[in-house]
Amino acid sequence: TPDFVLTKADGSVIFIESKGRLVAADRAKHKLIKEQSPELDIRFVFQYPKGKIYKGAKTTYAMWADKLGIQWATKTIPDEWLEELK
């Protein structure tokens, strides 16, 4: 269940996940969702996108999202995303 569902004027939706910590199970789940349903517009709002995906990792949450082609923002939903609703 997404944290927020925003409906655009054309009826399409943006699913927003707000994450402070993105554990391995969540990362695996979202990777599968992206692979199986690439048409879904799922975006993340990270509390700390520069945080490492696990202790000692070189990969950050932002790097993980970029690798999967997932849009992300820091701490708040960007105005640009909200403009898409009009």
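Throughout, numbering of the chain's residues begins at 1 and tracks the sequence. Fair warning: this is a prediction, and the values are worked out from it, not measured in the lab. In what follows, every heavy atom counts, from backbone to side chain, and hydrogens, waters and symmetry copies are set aside.
- The environment of Asp79 atom CG is sparse: at most 12 non-hydrogen atoms of other residues, nucleotides or ligands sit within 6.0 angstrom.
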field: side-chain contact (heavy atoms from CB on, under 4.5 Å) evaluation trace for Lys19 with Tyr61
entry: CA-CA 10 Å; Lys19 295 290 184 186; Tyr61 293 127; over 6 Å; no
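- Between Asp26 atom CG and Lys31 atom NZ the span is 15.0 Å, to the nearest 0.5 Å.
- Residues Leu85 and Ile16 share a hydrophobic cluster, clusters being chains of Ile/Leu/Val/Met/Phe/Trp/Tyr side chains in contact below 4.5 Å.
- Scanning all heavy atoms of the two residues, the minimum distance from Thr74 to Pro49 falls at OG1-CG, 3.2 Å.
- Linking ILVMFWY side-chain heavy atoms closer than 4.5 Å, directly or via other members, places Val13 and Ile33 in a single hydrophobic cluster.
- Between Ile14 and Trp81, the shortest heavy-atom contact is CD1-O, 4.2 Å.
- Taking 4.5 Å as the limit, every side-chain heavy atom of Phe4 sits out of range of all side-chain heavy atoms of Val45.
- Of all heavy-atom pairs between Phe44 and Leu22, the closest is CE2-CD1, 4.1 Å.
- A single hydrophobic cluster is not seen to contain both Leu40 and Leu32; linkage of ILVMFWY side chains at heavy-atom distances under 4.5 Å, directly or through other members, places them apart.
- Arg27 places a side-chain N or O within 3.5 Å of a backbone atom of Ile53 that can act as its donor or acceptor partner.
- In this structure, the separation between CZ on Phe15 and CG on Leu6 is 10.0 Å, given to the nearest 0.5 Å.
- We find the CD-OG distance between Glu84 and Ser12 to be 8.5 Å, quoted to the nearest 0.5 Å.
- Taking 4.5 Å as the limit, some side-chain heavy atom of Trp64 sits within range of a side-chain heavy atom of Ile70.
- Using a 4.5 Å heavy-atom threshold, the side chains of Tyr48 and Thr60 count as separate.
- The structure places NZ of Lys8 at 14.5 Å from NZ of Lys86, a figure rounded to the nearest 0.5 Å.
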- request: Show your working on side-chain contact (heavy atoms from CB on, under 4.5 Å) between Thr59 and Lys67 and close with a plain yes or no.
  value: CA-CA 10 Å; Thr59 304; Lys67 181 180 176 182; over 6 Å; no
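- Under 4.0 Å is where a charged nitrogen must lie from a carboxylate oxygen, and between Glu17 and Lys29 no such pair does.
- Scanning both residues, Lys75 and Gln47, for their nearest heavy atoms gives CE-O, 3.4 Å.
- Closest approach of Lys34 to Leu68, counting heavy atoms only: CE-O, 3.1 Å.
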